[in-house]
Amino acid sequence: MFSSYDGLCGIGELAERAGVSVKTVRFYSDSGLLPEASRSAGGHRRYGPGSLERLRMIRSLRTLDLPVSAVRRILDEEDTAGGAGGALEDAVAGQLRALGSELRALRWREAALRAVQECPAAERAGRLRLIGAVTAPPNTAPLARFWRGWLPPRMPARSVTAFLERAVPQPPEEPRPGQVLALAGLYALVSGPCDGAEPTQPHAHRAAGARASAVLYAGLAEAYDLAATDMRQDRGPYPGEALDGFVDAYASAHDTADTPRFRRVLARQLAADPRIDRYWELTAELVSPPDGRPEPTPGSAHDWLLAALETQSGHAVPA
């Protein structure tokens with residue numbers, strides 16, 4: 001209860017009790033967050049007994065960096081529904097999402113700065129230009145655009161999405177300087193003259209139509225998963241279930257049988273096809289754990305399977 005005879009208080013007393021400035025109280029009043037009970041004969045603002053608690057609530061919400069619009073929704077809900085509508089929970093969840101994005105950006109900036117700091121002085125300008133192309137937090141849209149241009153036209157959207165989930169690496173939450181450099185290298189690679197160019201796609205893939213390509217990539221994904229399991233166990237390339245699935249994916253896409261002759265032709269064709277090894281090398285660096293073995297990628301799994309196919313067919317595949 002305030003000390004005045006009518007149970008109301010002026011703006012100065014309210015500000016003092018709440019530990020804020022008069023200017024702050026006036027701002028919240030003018031914003032409609034803190035209603036006045038009345039005005040004195042001299043036109044001074046007067047506030048009721050509940051104003052102090054309401055002002056403290058406003059301060060607490062603003063301390064969480066909630067915008068005035070969100071504070072208004074929370075207070076309105078408190079007045080009408082006793083806070084049962086979820087406005088506070090929604091506002092807090094939104095702030096947490098925003099804060100998470102800010103923290104990710106800060107971690108990437110820190111790793112980028114360390115990458116510049118740790119390199120020889122003569123290389124810093126070039127490294128800075130490379131890293132400067134990467135946003136913080138990073139956006140993988142340039143990588144997705146590269147692959148969308150690489151994939152066959154009119155390929156089913158679901159198949160495209162499934163392929164992009166494998167081909168586009170997700171940046172780590174807490175990157176190391178080397179991972180920042182790897183992603184910057186990927187940006188530079190896909191932004192070069194060959195970005196989305198038709199010749200970068202293997203002939204064995206271009207030969208299949210849009211629907212057949214969907215079958216091909218689905219089969220390759222399964223074969224890559226099987227090969228990755230062997231690779232994590234340090235098994236060298238060998239004919240087996242992974243290779244059978246790999247060859248069957250191509251045979252099914254081209255509506256032909258899996259025969260020894262088909263395998264020999266496929267080995268020669270894949271060995272001669274264009275390669276983007278650098279993309280997969282950078283991807284492995286980006287997704288691999290610190291000081292650990294390289295994490296298999298679709299590119300390294302493809303090479304493992306191709307080596308197994310070469311071993312079986314007896315045709316040397318150029319390195």
Could you tell me whether the side chain of Thr24 and the main chain of Val20 form a donor-acceptor pair under 3.5 Å?
no
Might you point out which heavy atoms bring Ala242 and Trp304 nearest each other, and give the distance in Å?
CB-CZ3, 4.4 Å
Hey, does the side chain of Thr135 reach the backbone of Pro137 with a donor-acceptor pair shorter than 3.5 angstrom?
yes
Roughly how far, to the nearest 0.5 Å, is the CZ atom of Arg114 from the CZ atom of Arg176?
14.0 Å
Using side-chain heavy atoms (C-beta onward) and a distance below 4.5 Å, is Arg73 in contact with Ser69?
yes
Under the criterion side-chain contact (heavy atoms from CB on, under 4.5 Å), I'd like the reasoning laid out for Leu220 against Phe163: C-alpha separation, chi angles, the key distance, then a yes or no.
CA-CA 10 Å; Leu220 290 179; Phe163 177 86; over 6 Å; no
Below 4.5 Å, heavy atoms only, C-beta onward: do Pro138 and Arg104 meet side chain to side chain?
no
Whether the side chain of Ser159 engages the backbone of Met155 through a donor-acceptor N/O pair (distance < 3.5 Å, no angle test) should be reported.
no
Going by heavy atoms in the side chains, are Arg275 and Asp303 under 4.5 Å from each other?
yes
Within 6.0 Å of CZ in Arg129, more than 12 heavy atoms from elsewhere
no
Identify whether the distance between the nearest side-chain nitrogen and carboxylate oxygen of Arg45 and Asp30 falls below 4.0 Å.
yes
Do side-chain atoms of Ser213 reach the backbone of Pro152 as a donor and acceptor pair under 3.5 angstrom?
no
Leu64 and Ile74: same hydrophobic cluster, using ILVMFWY side-chain contacts below 4.5 Å?
yes
Are any non-hydrogen side-chain atoms of Trp108 and Pro171 less than 4.5 angstrom apart?
yes
Quick check against the 3.5 Å criterion: does Ser51 have a side-chain atom that pairs as donor or acceptor with the backbone of Tyr47?
no
Would Leu164 and Arg148 count as a side-chain contact (heavy atoms from CB on, under 4.5 Å) here? Give the steps.
CA-CA 8 Å; Leu164 293 178; Arg148 287 183 185 277; 3.4 Å; yes
Can you tell me how the ring of Tyr224 sits relative to the ring of Phe246, calling it parallel under 30°, perpendicular over 60° and tilted otherwise?
tilted
When rounded to the nearest 0.5 angstrom, what distance separates CG in Leu33 from CZ in Arg62?
8.5 Å
With side-chain contact (heavy atoms from CB on, under 4.5 Å) as the criterion, how do Arg232 and Glu295 come out once you've worked through the C-alpha distance, each side chain's angles and the decisive distance to 0.1 Å?
CA-CA 8 Å; Arg232 292 188 184 100; Glu295 179 66 16; 2.5 Å; yes
Sub-4.5 Å side-chain heavy-atom contact between Ser38 and Leu8:
yes
Quick check for you: to the nearest 0.5 Å, what is the distance between Asp65 atom CG and Leu99 atom CG?
9.0 Å
For Ala15 and Val22, the nearest pair of non-hydrogen atoms, with its separation, is CB-N, 3.9 Å
Separation between CG (Leu75) and CZ (Arg54), nearest 0.5 Å, reads 4.5 Å
Would Asp230 and Tyr238 count as having a side-chain donor-acceptor pair, cut-off 3.5 Å?
yes
Considering residues, nucleotides and ligands other than Glu222, do more than 12 of their heavy atoms fall under 6.0 Å from its CD?
no
Could you tell me whether Arg158 atom CZ has more than 12 heavy atoms of other residues or ligands within 6.0 Å of it?
no
Would you check if the side chain of Arg124 reaches a backbone N or O of Val116 as a donor-acceptor pair within less than 3.5 Å?
yes
Do the side chains of Arg263 and Gln312 get nearer than 4.5 Å, heavy atoms only?
yes
Value for CG (Leu181) from CD1 (Ile131), rounded to nearest 0.5 Å, stands at 4.5 Å
Short side-chain donor-acceptor distance under 3.5 Å, Thr63 and Ser60
no
Between Trp147 and Tyr279, is there a side-chain heavy-atom distance shorter than 4.5 Å?
yes
Say whether, by atom type as modelled, one donor and one acceptor occur between the side chain of Ser300 and the main chain of Pro296 under 3.5 angstrom.
no
Can you name the one residue among Leu186, Leu282, Thr297 that meets side-chain contact (heavy atoms from CB on, under 4.5 Å) with Pro169?
Leu186
Check this for me: does any side-chain nitrogen of one of Asp234 and Arg293 sit under 4.0 Å from a carboxylate oxygen of the other?
yes
Between Asp225 and Arg166, does at least one N-O distance fall below 4.0 Å, as a salt bridge requires?
yes
May I ask you to check whether over 12 heavy atoms, not counting those of Glu241, lie within 6.0 Å of atom CD?
no
Straight-line distance of Arg127 CZ to Cys119 SG, nearest 0.5 Å:
4.5 Å
Show your reasoning for whether salt bridge (Lys or Arg N to Asp or Glu O under 4.0 Å) applies to Glu110 and Arg107.
CA-CA 5 Å; Glu110 179 185 19; Arg107 287 192 288 265; over 6 Å; no
Quick check: does any side chain N or O of Gln179 sit under 3.5 Å from a backbone N or O of Leu286, one acting as donor and the other as acceptor?
yes
